K.L.:
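Let me give you the structure first, and then I'll get to my questions.
Quick caveat: nothing in here was measured; it's all calculated off a predicted structure. Any value given below was found using the heavy atoms of this structure, including those in side chains, with hydrogens, waters and symmetry copies removed. One-based numbering along the sequence shown.
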Amino acid sequence: MAFYCAVCETEIPSGKEVYAGDGRPRHANCAEPEAVAGGEPVRLVGTRVRCTDGRLVCQRLGTGGTVAGWLELPESLKQPLMAMVAEVARGKRTSGDYPVPGGDRLVVSRVEAHGSLGAVHLERRPVGFPPQGRDLLVDAGDVDLFLAQCRAV
């Protein structure tokens, strides 16, 4: 599936980062200069998904683009991950307990805020160590972007 930049209207090649603040995809270099009418910067990125060396790295970004949380999985789990996130976003409380090579389990669950979707929690429950790169929270407003980024890598 191809995505087209909302700013320059050219295709974003597969494997490249997809940025969005209002739900419309943008190239990384097209995202930076945007601002809203009041002079406040647009929240351009809440998540980032990359695929490197057979690993799918999903990140939650904080203020200024700092990494606030991340989850690392084998690239082969991209399709099951997307299916689990989509299930939870549509209303399922928790989606499975999917096996990750090495003995860990991937669990995707719904975090509700006032009866509606507040976030999607992705957790790689460790059987061994280290615990880094096994836990990620995707805000409700970033779920569509997260799925688009997964498709694009």
K.L.:
Calculate, to the nearest 0.5 Å, the distance between atoms SG and CG belonging to C150 and L56 respectively.
P.N.:
5.5 Å

K.L.:
Measure the CG-CG distance between D139 and L145 for me, rounded to the nearest 0.5 Å.
P.N.:
11.0 Å

K.L.:
Any link between L137 and V85 through a network of hydrophobic side chains (Ile, Leu, Val, Met, Phe, Trp, Tyr) touching at under 4.5 Å?
P.N.:
no

K.L.:
Closest approach of C58 and L81, non-hydrogen atoms and distance?
P.N.:
SG-CD2, 4.0 Å

K.L.:
Tell me, which pairs form a salt bridge (Lys or Arg N to Asp or Glu O under 4.0 Å) where one or both residues lie in residues 69-88, sequence neighbours left out?
P.N.:
R55-E72, E87-K92

K.L.:
With a 4.5 Å heavy-atom cut-off, do R60 and V67 have their side chains touching?
P.N.:
no

K.L.:
Can you list every pair that meets side-chain hydrogen bond (donor to acceptor under 3.5 Å, both in side chains) and has a residue in residues 105-122, with sequence neighbours left out?
P.N.:
D97-R105, R110-E112, H121-D135

K.L.:
Give the C-alpha distance, both sets of side-chain angles, the deciding distance and a yes or no for side-chain contact (heavy atoms from CB on, under 4.5 Å) between V108 and T94.
P.N.:
CA-CA 6 Å; V108 178; T94 191; over 6 Å; no

K.L.:
What are the two closest heavy atoms between S95 and V88, and how far apart are they?
P.N.:
CB-CG2, 3.6 Å

K.L.:
So, the side chain of T52 versus the backbone of V57: is there a donor-acceptor pair under 3.5 Å, distance only?
P.N.:
no

K.L.:
Group every Ile, Leu, Val, Met, Phe, Trp and Tyr by side-chain heavy-atom contacts under 4.5 Å, then state whether Y98 and V107 land in the same group.
P.N.:
no

K.L.:
Is it the case that one hydrophobic cluster holds both L61 and W70, taking links as side-chain heavy atoms less than 4.5 Å apart, direct or via other members?
P.N.:
yes

K.L.:
Let me see the working for L106 and E123 under side-chain contact (heavy atoms from CB on, under 4.5 Å), right down to the final yes or no.
P.N.:
CA-CA 6 Å; L106 174 64; E123 182 182 10; over 6 Å; no

K.L.:
Identify the two heavy atoms, one from V153 and one from C51, that lie closest to each other, and give their separation to 0.1 Å.
P.N.:
CB-CB, 3.9 Å

K.L.:
Check F146 against L122 and note the closest heavy-atom contact, atom names and distance.
P.N.:
CZ-CD2, 3.9 Å

K.L.:
If I take atom CD from residue Q79 and atom CZ from residue R151, how far apart are they, to the nearest 0.5 angstrom?
P.N.:
9.5 Å

K.L.:
Could you walk me through whether M84 and M82 pass the side-chain contact (heavy atoms from CB on, under 4.5 Å) test, one step at a time?
P.N.:
CA-CA 5 Å; M84 293 169 75; M82 290 172 50; over 6 Å; no

K.L.:
Distance check, rounded to the nearest 0.5 Å: L71 atom CG versus L77 atom CG?
P.N.:
9.5 Å

K.L.:
Using a 3.5 Å distance criterion without hydrogens, assess whether the side chain of Q59 forms a donor-acceptor pair with backbone atoms of V49.
P.N.:
no

